[in-house]
J.: 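Let me begin by handing over the structure; questions about it come next.
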Amino acid sequence: MVALDGPSGTGKTTVARKLAARLSAGYLDTGAMYRAITVAVLRAGVDPADAAAVAELARGAELEIGTSPVRPHLLLGGRDVATDIRGADVTSAVSAVSSVPEVRELLVAEQRRIIEDVIATKGGIVVEGRDIGTVVTPDAPLKVYLTASASIRAARRNAQDSAAGRESTVDAALQSVERRDHLDSTRATSPLRAAEDAVPVDTSELKIDQVIIALSELANQRGLLTGCTAEVAQ
Ligand code: DC
C-alpha cells in the first residue's frame, strides 16, 4: 500500500494512477469521494457551510467508486459524476464540505473498507488524498508527500482545465490553489500536513515520469513490488 498525500496541482492523480498501473495495484482517489458528496450537496441546494445539513446528506448519499487505475468510475445514486466533480462550483465548495467532521468520519470508514478489500483481492493499492498517511492508514508501508510551488501548481491546474474545455486563467487558478491550500491546511479536523514518516518529493522541477521512477524505487526498497521489479527498477 502506498499513501500519496499533498496539495492539489502536485501531479498526485497522474502519479498515483501510473504508479498503481506499474505496480499492478488498485487505485483510490479519496478527493473524488469528497467531490462527489459536494455534487450531492450542490444538487440538493444545501448550503456547503451548513455542517448539519451537509452531514445528513452525506449519510444518505449512495456513492460507488471504482479502483481501477486505468478507468476509475464514480457513481452517485447510480449516475456517473466523474465529469461533474471537476466543475468550478464543486472545486470552490469542496473544502467546506470536506471540513465537516461527520463527512470525514463516513468517508474515512469507507476508504478503509475499500483499501482492505483491494489489498485482499489485488495485493496492493495506491491511495491519494490529504490525510492518507496521517489518518486513513497511518501504518502504510510507504508514505509520500508531494509538493510543488504554488505558481507551478496553478500553471498545471490551468493547463488541465483549459485542456478539458473549462474556463480558466493562470491568475484564477493561482487564487483557487492558494485559497484551497489555506482552507485544507487550517481546518480543525485532519488538516493537510505531511506525516512525520512521509518521504517528501518536490515535483516543481520534475517530469511525471521522473516522479514515477523515484516512487517506484522507493516502493522497490520497501518490498512493495510484485512481478514488475525489473521494469520498474531501471
Ligand atoms: O485532490 P482533490 O483536489 O480532488 O481534492 C478535493 C478536496 O477534497 C480538497 O480540497 C481537499 C479534500 N480532500 C480531503 O480533505 N481529504 C482527502 N483525503 C482528499 C481530499
Side-chain angles (χ1 to χ4, degrees), residues 1-17 27-42 48-49 51 54-55 58 61 63 65-67 72 74 76 81-115 125-138 140 143-148 150 153-154 156-161 164 166 168 173-195 198 203:
M1 137 115 216
V2 180
L4 202 54
D5 288 304
S8 72
T10 50
K12 251 190 352 266
T13 300
T14 312
V15 167
R17 289 176 66 170
Y27 159 71
L28 181 62
D29 178 358
T30 61
M33 298 171 78
Y34 289 97
R35 285 174 177 271
I37 299 296
T38 307
V39 168
V41 166
L42 296 178
V54 167
L63 196 63
I65 186 160
T67 55
L74 182 64
L76 178 70
V81 289
T83 305
D84 298 8
I85 60 164
R86 304 291 159 200
D89 52 343
V90 174
T91 300
S92 62
V94 67
S95 288
V97 170
S98 63
S99 69
V100 175
E102 290 89 340
V103 171
R104 304 203 69 82
E105 230 171 80
L106 277 169
L107 292 189
V108 167
E110 178 68 1
Q111 288 155 16
R112 289 183 179 143
R113 192 191 59 72
I114 294 171
I115 291 166
I125 186 165
V126 178
V127 185
E128 66 156 297
R130 304 288 193 286
D131 61 343
I132 311 306
T134 50
V135 174
V136 179
T137 53
K143 301 177 188 178
V144 175
Y145 192 82
L146 294 185
T147 58
R153 291 189 286 122
R156 288 176 182 162
R157 185 44 47 105
N158 178 50
Q160 262 172 15
D161 283 344
R166 292 185 290 265
S168 176
L174 182 61
Q175 268 183 28
S176 162
V177 157
E178 287 180 336
R179 177 177 166 273
R180 229 148 36 99
D181 280 1
H182 176 71
L183 292 171
D184 294 345
S185 54
T186 55
R187 69 174 174 232
T189 312
S190 312
L192 168 67
R193 65 177 174 83
T203 69

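Numbers here are sequence positions counted from 1. Read the numbers this way: they start at 1 and go in the same order the structure lists the ligands and their atoms. Note that this is a predicted model, so its numbers are computed, not measured.
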J.: Report yes if some heavy atom in the side chain of Glu128 is under 4.5 Å from a heavy atom in the side chain of Arg17; otherwise report no.
T.: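 No, their side chains stay 4.5 Å or more apart.
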
J.: Can a non-hydrogen atom of Arg179 be found less than 4.0 Å from any atom of ligand 1?
T.: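 No, that is not the case, since the closest heavy atom of the residue is not under 4.0 Å from the ligand.
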
J.: Closer than 4.0 angstrom, basic N to acidic O: yes or no for Arg157 and Asp181?
T.: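 Between Asp181 and Arg157 there is no salt bridge, as every charged N stays at least 4.0 Å from the carboxylate O atoms.
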
J.: Taking non-hydrogen atoms only, is Arg157 closer than 4.0 angstrom to ligand 1 via side chain, backbone, both or neither?
T.: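 No part of Arg157 comes within reach of ligand 1.
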
J.: Show me which atoms of ligand 1 lie under 4.0 Å from any heavy atom of Ser98.
T.: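 The atoms of ligand 1 under 4.0 Å from a heavy atom of Ser98 are 12 (C), 15 (O).
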
J.: Ile132 and side-chain contact (heavy atoms from CB on, under 4.5 Å): which partner among Val127, Leu28, Val108?
T.: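 Looking at Val127, Leu28, Val108, the match for Ile132 under the side-chain contact (heavy atoms from CB on, under 4.5 Å) is Val127.
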
J.: Can you list the steps and then say if Val135 with Arg112 is a side chain to side chain contact (heavy atoms under 4.5 Å, CB included)?
T.: CA-CA 10 Å; Val135 174; Arg112 289 183 179 143; 4.2 Å; yes

J.: What protein heavy atom lies closest to atom 19 (C) of ligand 1? Include the residue and the distance to one decimal.
T.: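 Its nearest protein heavy-atom neighbour is Thr30 OG1, 3.4 Å.
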
J.: If you count the atoms of ligand 1 from 1 in the order shown, which ones are under 4.0 Å from a heavy atom of Arg86?
T.: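 Counting atoms of ligand 1 from 1, those under 4.0 Å from Arg86 are 4 (O).
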
J.: For atom 4 (O) of ligand 1, which of the options Arg180, Arg35, Met33 provides the nearest non-hydrogen atom?
T.: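 Checking each option, the heavy atom nearest atom 4 (O) of ligand 1 is found in Arg35.
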
J.: Can you check whether Asp131 has an N/O within less than 3.5 Å of an N/O in ligand 1?
T.: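 Between Asp131 and ligand 1, an N or O pair is found under 3.5 Å apart.
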
J.: Which atoms from ligand 1 have a heavy atom of Gly129 less than 4.0 Å away?
T.: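 What qualifies from ligand 1 is 18 (N), 19 (C).
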
J.: Could you pull out, from Arg104, Gln111, Glu128, the option with a heavy atom nearest to atom 14 (C) of ligand 1?
T.: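 Closest candidate by heavy-atom distance is Arg104.
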
J.: Can you list the atoms of ligand 1 that are under 4.0 Å from a heavy atom of Ser95?
T.: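 Heavy-atom distances to Ser95 below 4.0 Å select 10 (O).
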
J.: When you check the side-chain N and O atoms of Thr203 and Arg156, is any donor under 3.5 Å from an acceptor?
T.: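 There is such a pair (donor and acceptor under 3.5 Å, judged by atom type) between the side chains of Thr203 and Arg156.
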
J.: Check whether any side-chain heavy atom of Tyr34 sits under 4.5 Å from a side-chain heavy atom of Val100, and report yes or no.
T.: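 Heavy-atom side-chain distance check fails, nothing below 4.5 Å.
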
J.: Contact between Arg130 and Ser8 at the side-chain level, heavy atoms closer than 4.5 Å - yes or no?
T.: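 Touching, per the 4.5 Å side-chain cut-off.
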
J.: Between atom CG of Asp5 and atom NZ of Lys143, what is the distance when rounded to the nearest 0.5 Å?
T.: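 Reported to 0.5 Å precision, the distance equals 9.0 Å.
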
J.: Please list the nearest protein heavy atom to atom 20 (C) of ligand 1 with its residue and the distance rounded to 0.1 Å.
T.: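 Its nearest protein heavy-atom neighbour is Gly31 CA, 3.5 Å.
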
J.: Can you report which non-hydrogen protein atom sits closest to atom 11 (C) of ligand 1, along with the distance?
T.: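 Going atom by atom, the protein heavy atom closest to atom 11 (C) of ligand 1 ends up being Asp184 OD2, 3.3 Å.
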
J.: Is it true that the side chains of Ser99 and Arg104 contain a donor and an acceptor less than 3.5 Å apart?
T.: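 No, because no side-chain N or O of Ser99 sits under 3.5 Å from a partner of the opposite role on Arg104.
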
J.: So which heavy atom in the protein is nearest atom 13 (N) of ligand 1, and how far is it from that ligand atom?
T.: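 Answer for atom 13 (N) of ligand 1: Arg130 CG, 3.6 Å.
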
